[in-house]
Each structure stands twice: as C-alpha cells, then as structure tokens.
Amino acid sequence: MQRLSGAQIIAEYLVRAGVTHAAGIPGHGVWTLTDALLDRPEIRAVQVMHEQSAVHLADGFYRASGRPMLAFTSIGPGAMNTVIGMATAYVDSTAVPLFTGSTHTYMRGHGVLQELERRHHADNPRIFEPIVKEWWQPSRVEDLPFVLHRAWNAMTTGRPGPILMDVPMDIQAAAADIRIPEPDAREARGRPRPDAAMVERAAALLAAAKRPVIVAGGGAIGAEATEELRALAERLGAPVVTTWNGKGAVDETHALAGQTIGDTGSTIGNALSASADVILSVGCRFVDWSASSWRKGVTFAIPPTKLIQLEIDEREIGKNYPVAVPLLGDARAGLTDLLAALGPGEPATAYGEEVASLRRNWDEQVEVKSGSAATPMTMARAVREIQAATRESAIVVTGAGLPQGMVKQRWVTRAPRTHITSGGFSTMGFTLPAAIGAQLARPDAQVLALCGDGDFLQSMQELQAAVLADTPICTVVLDNSGWISIKGGQQAHFGRTAITDFTRNGAPYSPDFAAIARAFDIHAEFAQGAAEVRPAVERALASGGPSLVHVKVDRDLAVAGPDKTGWWDVPVPEGRPVYDEQLAGRAEEQHQ
Ligand SMILES: Cc1ncc(C[n+]2csc(CCOP(=O)(O)OP(=O)(O)O)c2C)c(N)n1
C-alpha cells in the first residue's frame, strides 16, 4: 500500500503502462495532475497550442508506434477543444487516452467556472459519448485504480479506440492508501483466434480460388499482421489491395502489390478487387470511399465475389457486404491460422501476366501528372519530388483535401506505419500535429507533414509545438490558394463552384507561408518549379530542426487532384448536369 494523491495514482499507472509522452495544455482543472507529472521524469510533457492538437499528437504517436501517448486538458473549453481529435481517433480505431479535469465532486451542479451543468452536473463527458470506447468520471479517489485498468483494457484490446477519463479536481488532490494495479494483470492479452472450422472453410475457398484478392485495411497494420499478410499473399499468389488506412500493409513495390482502391485509388486495385472470385479482407470496414459507394462492379462485386472477412469487431462483419466465411478474431492470429491450414504449396491462380500488365497501365496513367513538366507544377509532380528527397523509411502524414488523396494514390509506401492519414474522418488540421506525434514516437525517422494550405491554416500554430518539442518534422504546404478538393467536387457535381477560392481583388491569394515559418524561427523555403522542390525539401530535412517548405501548385481542376478511379455517391438536386448520372449510379449500389 502507498499513500498517494489521485494525480499521483494516475501518474504511477501511466508509467507502469509504459506511457512515455503526454501532450496538452494545463489549466486549473488539471493543476494537480500536471504538478504530479513534474515528479515523473519517465513521462515527457509536450506543449501544444490547441487541445485538438494534443489528441492528434497522441493519435500520430500511436499510429507510428502502436504505443499510447497521453493527451490532457483542463476542464471545460480545453476539454471541448478535443472533440474532433477524439472523433478522428475513434473512427480510425486508434488508442488515445484523454484525461480532462472536472468539477469538484462537492460543487457539482452549482455551475463552477467552465462546468456544463444545466441538464446534468459536470456534464462535459456526454459530448464524447459517440466518439469514445468508454468514458469514466470517478467520484472517489479509491476508485481510480479500478477505472484506470478498466479504461486501459478497453482502449488497447480488441478493436482499439480512444477513452476519456474526466477526473474531478478534488479527486486528483485527495489522498488514499492505495495498491496500484499492474496493467499486465488487468489487460486482455493474447490474440483471439477465429473459429477453427471457419478457418478450414476459408482456407478451402482460398485454395480453390482462381482470382483471390486480399484487401488490407488499417486493422492489418494495427494488429502487426503485415508479415503474415505478405506470406499468405505469396502462398496464394493473391494480389493485395489497400484502403486508405491499409496503405503500407504491403510494400507497394512488391510484385503482388495491387495498390489502393476506391474513388481516388488506382485502376489496378479496383480492377483486381472488382473481378476477384474470392476476397479475403483483413481489418477493413468497406466504407464508401474505399468501396466506391458500394456501386457494383466499380471496386467490388460481392456477390458474386465470395467474401472471407477477417475482423476483430463483430459489428463490422456482414455490415456492408454479405460474407461467405466470417473470421471473427485478430488479424495476425487469423492469417497465421490460414497459413497453417493451407500448408505449403504453390500458387494456383489464373492471373498469369495480368497483374503486371494492369500495373504497367496504371504506372503509365500515373506518369501523366506525376511526370508532368508543366508550369505551374502539378501537385502530383510536387509529391513525387518531395518523396525523391526522402529516405525509403520516411513517414508521410496527411489530413484532408487533395494532398491526402494524392499521397494515397502516388506516394510509394514501403513499410507499415509510414503512411499516416486521418482516413475515416478526413480531418483538416490533423497533419501538422499528428506529424509531431509521429516524430516523438520515431525520433530517428524523417517525418513529413504534407498539408494543403487550408489544412495547414487550421493548425499552423503548432509550428510552435514543433519548436518547443524540438521535433525536426518537415511541413510541406502544397499551396493552391483555396479548398480546391471541394471546388473540384462542386464543379463535377454542380457545374459551378462556391466559396472555395481564396481571392483578394479578384486574384488568387495566399499568405507567405515561408515568412510565417520564419516568424517561428524555423528553416523555411519557397519552391515553385519542379526542379526547386527536391533540393528545398532536402535542405529542410538536413536543417536538423522543424522546417517548412512552401510549394506553389497548379489550381486548374483538370490537373489539380488525384485521378478519379471509382465512384462516389454525393446527392445533387434535380436539374444539375450530373443528376441523371448520379441516379443511374445509385441504382447499381449494393447497400442493404
Ligand atoms: C475540419 C474539416 N472541415 C471541413 C472539411 C471538408 N474539407 C475536406 S477537404 C477540404 C479542403 C482542403 O483544403 P486544402 O487543405 O487547402 O487542400 P486542397 O484540397 O485545396 O488541395 C475541406 C474544406 C474537412 N474534411 N475537415
């Protein structure tokens, strides 16, 4: 037994759970917690300039390493500022622990500074209800050890996700004689295996398949299943296609890499998955963006394709497509069992040269924009030049807009956890703070934040966080003076555009992003010709500290974005040019 304050109990538990970093903004609501962290050199405190960023930092840290990082805020507005970050983590199933300060238990309901109390006292956490796996608001200091191990268990096991711990100020301060639980003894360890009979059925189906395809989602990377995934793909001769969050599950230069799928995916990915006879999906949700709004034959045709769905969360099984064989369990364990059930053998597929030929066609298509020498430079060319300046192991982070799709489609990802994106929630403002988190998790890696100007302008204050934490991330602002992805969608769907250009006196307007960076006293560059980009990024990365490269890219919608490769259903009103086309497409969608 030890006599500890609530905050000391929390700090001790975090240390035992292996937490090494904490990001947040202190306030009176967490004075006791931040004071207790002072005594724990094991946990490095990182300052951010907005609490949403604290959660994005922790999220980026987790995506880059598989290890949770703490995010903390004061009571009230500080806590509320995290909502978008928590939703982003929840949708993409990443483990983020958020600790917020809360009203003193003996004053609950009286309306203390920053309390929401009109419907229910200390009511802030209910705002988080749809975006956390669990939330807790302990009422006694003695409850803390219990709620801590329950929260940690929920966050890290099964399908990971964020948790909220809303800790009243008096509970942080109160002391008790406590035994701190060992996280190891309270967490569900091990990997749940899918039912053995189902594994046999799945293996038989795969062994007989002539056109098997593996669809890897973020769950394949989260479960550290990529080695087994490659082994199974090679055993079967099955191409691997990836979703946004699955990018990196397979080395994209591998002969069986079928690249990405969906509306801004690849022609090879969509062709292979739409013509598969058997699909094995691994940790993927089949959302509209990667399944081309479920329009039959564009990315998938299930049925007639038979689906084997390997998935840790039973709620995802059969949700978007009917399954031939459900494999409820951990991705790595399931793939290991499938490999064992198949035994040694040679691929029996009927692809022949087809995968290589689809790949050649796709590479030729990519070359049009990525190899373009046009002025202004295409964003695709800029992305190619940026990658050329980096090591193979570099981590690239994106958040929303054209850079997110461009990187999905054209950045050649070699290893898991080196492509980080807010895929499911597609959150503007994610890129820069998530990159700082990734760099903290992987100090030796090159980390690049590839932002649109709109994305950057939502969280550019975090250049200060990068400076304070001395994280040598390289932020690249791909500047097209506007929210051009949205403009492109408006043009395609409505035939005209609204409220998307940044203009002043009728001309495109951009701030001087390099000057902004210099104001934060970091290395800054401006590049506008293709030949300028690579050396600018190389110099920025070599500067050894945080840096920013402002890159001007073409705004013309014909070349601005990634190639459209699939289908996306966004309703438009009657009378618009694409109204009939939209209805015709919708009639072919499979979502019952
Ligand atoms: C927080 C948030 N607000 C709005 C959106 C809708 N949205 C998606 S992309 C985008 C524009 C992104 O602009 P920018 O970062 O400049 O990239 P661009 O598409 O112009 O290249 C917007 C407004 C979003 N995804 N997230």
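In this chain, numbering begins with 1 at the start of the sequence shown. Quantities reported herein were computed from a predicted structural model and do not represent experimental measurements.
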Is it true that Glu316 and Lys319 have a side-chain N and a carboxylate O under 4.0 angstrom from each other? yes

With distance as the sole test, does Asp563 use its side chain to make a donor-acceptor pair with the main-chain N or O of Thr565 at under 3.5 Å? no

State, with a plain yes or no, whether a side-chain heavy atom of Pro162 is found less than 4.5 Å away from one of Met86. yes

Mind checking ring pair (Phe, Tyr, Trp, His ring centres under 6.0 Å) for Phe72 and listing every partner two or more places apart, or none if nothing turns up? none

Tell me, with the steps shown, if Gln409 and Thr264 meet side-chain hydrogen bond (donor to acceptor under 3.5 Å, both in side chains). CA-CA 7 Å; Gln409 194 169 72; Thr264 54; 5.6 Å; no

Check step by step if side chain to side chain contact (heavy atoms under 4.5 Å, CB included) holds for Leu205 and Ile308. CA-CA 9 Å; Leu205 209 52; Ile308 301 165; 4.0 Å; yes

Could you walk me through whether Ser393 and Gln446 pass side-chain hydrogen bond (donor to acceptor under 3.5 Å, both in side chains), step by step? CA-CA 7 Å; Ser393 56; Gln446 289 180 327; over 6 Å; no

Within the side chain of Glu311, is there an N or O that forms a donor-acceptor pair under 3.5 Å with the backbone of Asp313? yes

Sub-3.5 Å donor-acceptor pair from the side chain of Lys247 to the main-chain atoms of Lys408, do we have one? yes

Taking NZ, NE, NH1 and NH2 as the nitrogens, is one of them in Arg414 or Glu252 under 4.0 Å from a carboxylate oxygen of the other? no

Quick one, Arg332 with Asp330, criterion salt bridge (charged side-chain N to carboxylate O under 4.0 Å, His left out). Give me CA distance, side-chain angles, the key distance, then yes/no. CA-CA 6 Å; Arg332 186 157 153 192; Asp330 172 78; over 6 Å; no

Which distance, rounded to the nearest 0.5 Å, do you find between the OG of Ser281 and the CD1 of Ile302? 7.5 Å

Got a donor-acceptor contact below 3.5 angstrom from the Ser53 side chain to the His56 backbone? no

I'd like to know if the side chain of Thr243 reaches the main chain of Gly246, judged simply by a donor and an acceptor atom lying under 3.5 Å from each other, with no hydrogens or angles considered. yes

Spell out, as yes or no, whether a donor-acceptor pair under 3.5 Å connects the side chain of Ser273 to the backbone of Thr299. yes

Does some side-chain heavy atom of Tyr90 sit less than 4.5 Å from a side-chain heavy atom of Phe425? no

Under 3.5 Å: donor-acceptor pair, side chain of Ser357, backbone of Glu353: no

Considering all heavy atoms, the nearest Leu57-Pro433 contact: CD1-O, 3.2 Å

Carboxylate-amine/guanidinium contact Lys564 Asp263, below 4.0 Å: yes

Would you mind reporting whether Leu14 and Ile43 have side-chain heavy atoms less than 4.5 Å apart? yes

Show me the pairs that pass ring-ring contact (aromatic ring centres under 6.0 Å, His included) and involve residues 224-281, at least two apart or across chains. Trp244-Trp289

Does a salt bridge link Glu364 with Arg360, judged by any charged N lying under 4.0 Å from a carboxylate O? no

Determine whether a donor-acceptor pair (N or O, by modelled atom type, separation under 3.5 Å) exists between the side chain of Asp92 and the backbone of Gly423. yes

What residues, two or more places apart in sequence or in another chain, satisfy ring pair (Phe, Tyr, Trp, His ring centres under 6.0 Å) together with Phe99? none

Is there a donor-acceptor pair under 3.5 Å between the side chain of Gln404 and the backbone N or O of Ser426? no

Measure the shortest side-chain to side-chain distance between Trp294 and Asn320 over non-hydrogen atoms and say whether it is less than 4.5 angstrom. yes

Arg16 and Glu12 ion-paired at < 4.0 Å: yes

Test side-chain hydrogen bond (donor to acceptor under 3.5 Å, both in side chains) applied to Thr427 and Asp455, Thr421, Thr88, the passing residue: Thr88

Looking at side-chain heavy atoms only, is the closest gap between Val83 and Phe128 below 4.5 Å? yes

Do Ser370 and Arg381 pair up side chain to side chain, a donor and an acceptor below 3.5 Å, judged on atom types alone? no

Side-chain contact, heavy-atom cut-off 4.5 Å: Leu307 with Phe286? yes

Set out, in order, the CA-CA distance, both residues' side-chain angles and the distance that settles salt bridge (charged side-chain N to carboxylate O under 4.0 Å, His left out) for Glu182 and Arg186, then state yes or no. CA-CA 7 Å; Glu182 275 307 327; Arg186 299 295 189 155; over 6 Å; no

Measuring from atom OG1 of Thr260 to atom NE2 of His419, what distance do you get when rounded to the nearest 0.5 angstrom? 9.0 Å

Can you list the steps and then say if Ser65 with Arg442 is a side-chain hydrogen bond (donor to acceptor under 3.5 Å, both in side chains)? CA-CA 7 Å; Ser65 66; Arg442 299 275 318 281; over 6 Å; no

Is the side chain of Gln582 donor-acceptor paired with the backbone N or O of Asp569 at a distance under 3.5 Å, no angle test? no

What verdict does the side chain to side chain contact (heavy atoms under 4.5 Å, CB included) test give for Ile386 and Leu450, after you've listed the backbone C-alpha separation in whole Å, the side-chain angles of each residue and the deciding distance to 0.1 Å? CA-CA 9 Å; Ile386 294 161; Leu450 258 60; 4.1 Å; yes

Heavy-atom side-chain proximity of Trp152 to Tyr13 below 4.5 angstrom: yes

Would you compute the distance between atom NZ of Lys369 and atom CZ of Arg410 and round it to the nearest 0.5 angstrom? 5.5 Å

Can you find a pair of side-chain heavy atoms, one from Tyr321 and one from His591, that are under 4.5 Å apart? no

Ala203 versus Leu342, closest heavy-atom pair with distance: O-CD2, 3.6 Å

Does Leu440 form a side chain to side chain contact (heavy atoms under 4.5 Å, CB included) with Met69? I'd like the steps, not just the answer. CA-CA 10 Å; Leu440 290 169; Met69 167 178 176; 4.0 Å; yes

Say you draw a straight line from CG of Asn153 to NZ of Lys133; how long is it, rounded to the nearest 0.5 Å? 8.0 Å

Charged N to carboxylate O under 4.0 angstrom, Arg191 versus Glu224? no

Test log, rule side-chain hydrogen bond (donor to acceptor under 3.5 Å, both in side chains), inputs Gln259 and Trp362: CA-CA 10 Å; Gln259 315 301 324; Trp362 172 238; 5.2 Å; no

Residue pair Thr20 / Arg67, side-chain donor-acceptor N/O under 3.5 Å: yes

Residues forming a ring pair (Phe, Tyr, Trp, His ring centres under 6.0 Å) with Tyr62, sequence neighbours excluded: none

Tell me, please, which residues at least two apart from Asp59 pass side-chain hydrogen bond (donor to acceptor under 3.5 Å, both in side chains). Arg63, Thr94

Filter on salt bridge (charged side-chain N to carboxylate O under 4.0 Å, His left out), then keep only pairs touching residues 277-289, sequence neighbours left out; what's left? none

Worked verdict on Leu280 versus Val215 for side chain to side chain contact (heavy atoms under 4.5 Å, CB included): CA-CA 6 Å; Leu280 167 66; Val215 181; over 6 Å; no

So that I can tick it off, tell me whether Arg295 and Glu588 are bridged by a salt bridge, with the cut-off set at under 4.0 angstrom between side-chain N and carboxylate O. yes

